[in-house]
Amino acid sequence: MGRLDGKRALITGSASGIGRATARLFAKEGARLILCDIKTEENDTLAEEIRDIGGEALAIHVDVGDAEAMQTAFQQAAAAFGGLDVIYNNAGGATGNDGLITEIELEEFWHAIRLNLFGAVLGCRYGIPYLLEAGGGAIINSASIRALIGTSGADAYTAAKGGIITLTRALALQWAHARIRVNAISPGVVLTDRVRGLLSDDDPIRLKTPLGPSEPEDAAPLAVYLASDESRQVTGAILPMDGGASVV
């Protein structure tokens, strides 16, 4: 038996990086997957890969910062699988245009908020009603080491991920009575294709990571734990997955 047998899980940002690695592991553990991403071709390929190994996966093209599109995606997901049990608000990321708050373009700030925080807000807004119908479930949000320690050079992204942490704790308290658990994973340096292109070898966070940088596959087992019944008494937790960087 898989640890997620029969659970209906929606993952945003599923086409690459941590989302893709998590989708693959969720499938191996028996989850029925709704894969949401703006990268249509890559997302379709992933869904096909999962179906080829005997899993269930539906790929949906969606911009997580578009409220109408997100609402429609959740409706499609629930119609396809009869409801939802797990929501992983994984979509996010920084850009090379981020920087000091006194210097960045305001459009960059709103881009970071829309993608990283507002997208998760929409995932919770439209997902919670389905978890209520299911009698409970799990929400997993994606935070960042930048929200846990002081860093420089990505103030828009840092602000957005800080919002994720407080949102996670607030929703954990508000929905505990309904057996909806809300937790967050807080990655450090994860060597996705995007990060490899942005991060220099002498980046301060990279240099101060005792265990070294992580791979996307390192985050997936944490997500499986938080999605499974093994974490039935865990809510409001912010779980670092940063190679020890946040304790240096």
Side-chain angles (χ1 to χ4, degrees), residues 8-23 26 31 33-47 57-81 84-95 97-98 107-131 137-144 146-147 154 156-168 170-171 182-187 190 192-195 216 219-220 223 226-227:
R8 301 155 298 182
L10 183 148
I11 302 174
T12 66
S14 53
S16 59
I18 290 174
R20 180 173 59 196
T22 300
F26 271 32
L33 295 170
I34 300 93
L35 308 175
C36 296
D37 206 293
I38 202 167
K39 302 173 185 174
T40 302
E41 184 175 351
E42 295 95 327
N43 206 36
D44 288 344
T45 298
L46 176 62
L58 170 67
I60 299 176
H61 173 86
V62 63
D63 172 359
V64 297
D66 182 326
E68 184 177 349
M70 281 287 278
Q71 184 175 28
T72 299
F74 274 89
Q75 291 170 345
Q76 289 178 304
F81 290 155
L84 287 169
D85 305 291
V86 179
I87 300 161
Y88 186 6
N89 293 309
N90 165 73
T95 76
N97 297 321
D98 206 341
E107 286 184 4
E108 176 66 19
F109 179 81
W110 290 118
H111 170 78
I113 295 295
R114 183 181 186 275
L115 173 60
N116 293 282
L117 179 57
F118 189 55
V121 167
L122 293 177
C124 295
R125 177 182 179 87
Y126 296 125
I128 285 174
Y130 294 109
L131 299 187
I139 296 174
I140 307 165
N141 294 324
S142 182
S144 169
R146 288 189 183 274
Y157 180 76
T158 298
K161 291 302 189 180
I164 287 288
I165 287 179
T166 50
L167 175 70
T168 297
L171 296 184
V182 189
N183 296 289
I185 297 172
S186 182
V190 181
T192 62
D193 292 340
R194 180 184 61 81
V195 169
L226 292 175

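Note that the coordinates shown come from a computational prediction; the quantities given were computed from them, not determined experimentally.
- Take A170 and apply the side chain to side chain contact (heavy atoms under 4.5 Å, CB included) test, not counting sequence neighbours, and it matches Q174.
- T192 and P216 get closest at one heavy-atom pair: CG2-CG, 3.9 Å.
- With sequence neighbours left out, the side-chain hydrogen bond (donor to acceptor under 3.5 Å, both in side chains) criterion links S186 to no other residue.
- Looking only at side-chain heavy atoms (C-beta outward), E42 and S16 stay at 4.5 Å or farther from each other.
- Identified under the salt bridge (Lys or Arg N to Asp or Glu O under 4.0 Å) test for residues 114-131, with sequence neighbours left out: D63-R114.
- Here the CG atom belonging to L131 is positioned 5.5 Å from the CD1 atom belonging to I139, to the nearest 0.5 angstrom.
- Under the side-chain hydrogen bond (donor to acceptor under 3.5 Å, both in side chains) criterion, T40 pairs with H61, sequence neighbours left out.
- The closest donor-acceptor contact from the side chain of D37 to the backbone of A15 lies under 3.5 Å.
- Separation of atoms CZ (R20) and CD1 (I11) is listed at 12.5 Å; rounding is to 0.5 Å.
- The two residues F109 and A159 have their closest heavy-atom pair at CE1-CB, 4.0 Å.
- With sequence neighbours excluded, the residues forming a side chain to side chain contact (heavy atoms under 4.5 Å, CB included) with A160 are I113, N116, L117, listed by chain and number.
- Residues that satisfy the side chain to side chain contact (heavy atoms under 4.5 Å, CB included) test with A91, not counting sequence neighbours, are T12, V64.
- Here the CG atom belonging to N89 is positioned 8.0 Å from the CG atom belonging to L10, to the nearest 0.5 angstrom.
- When the side-chain hydrogen bond (donor to acceptor under 3.5 Å, both in side chains) test is applied to S14, the partners found at least two apart in sequence or on another chain are N43.
- Closest approach of C124 to P129, counting heavy atoms only: O-CD, 4.5 Å.
- Residue pairs that meet the salt bridge (Lys or Arg N to Asp or Glu O under 4.0 Å) test with at least one member in residues 156-167, sequence neighbours left out, do not exist here.
- Annotation: side-chain hydrogen bond (donor to acceptor under 3.5 Å, both in side chains) contacts of R8 (sequence neighbours excluded): D85.
- In terms of heavy atoms, A223 sits closest to Y88 at CB-CE2, 3.9 Å.
- Note: F118 CZ to D66 CG = 9.0 Å, rounded to the nearest 0.5 Å.
- At a threshold of 4.5 Å between non-hydrogen side-chain atoms, the residues I140 and T22 do not count as touching.
- Between I18 and S142 there is no side-chain heavy-atom pair separated by less than 4.5 Å.
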Name the atoms and distances for all side-chain donor-acceptor pairs under 3.5 Å in residues 71-81, with sequence neighbours left out.
{"unit_1": "T72", "atom_1": "OG1", "unit_2": "E68", "atom_2": "O", "d": "3.0"}

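- For the residue pair I87 and G123, the shortest heavy atom distance occurs at CD1-O, 4.0 Å.
- Side-chain atoms of N90 come within 3.5 Å of backbone atoms of G13 as a donor-acceptor pair (strictly under, hydrogens ignored).
- Here CG of L171 is found 11.0 Å from CG of N183. Values are rounded to the nearest 0.5 Å.
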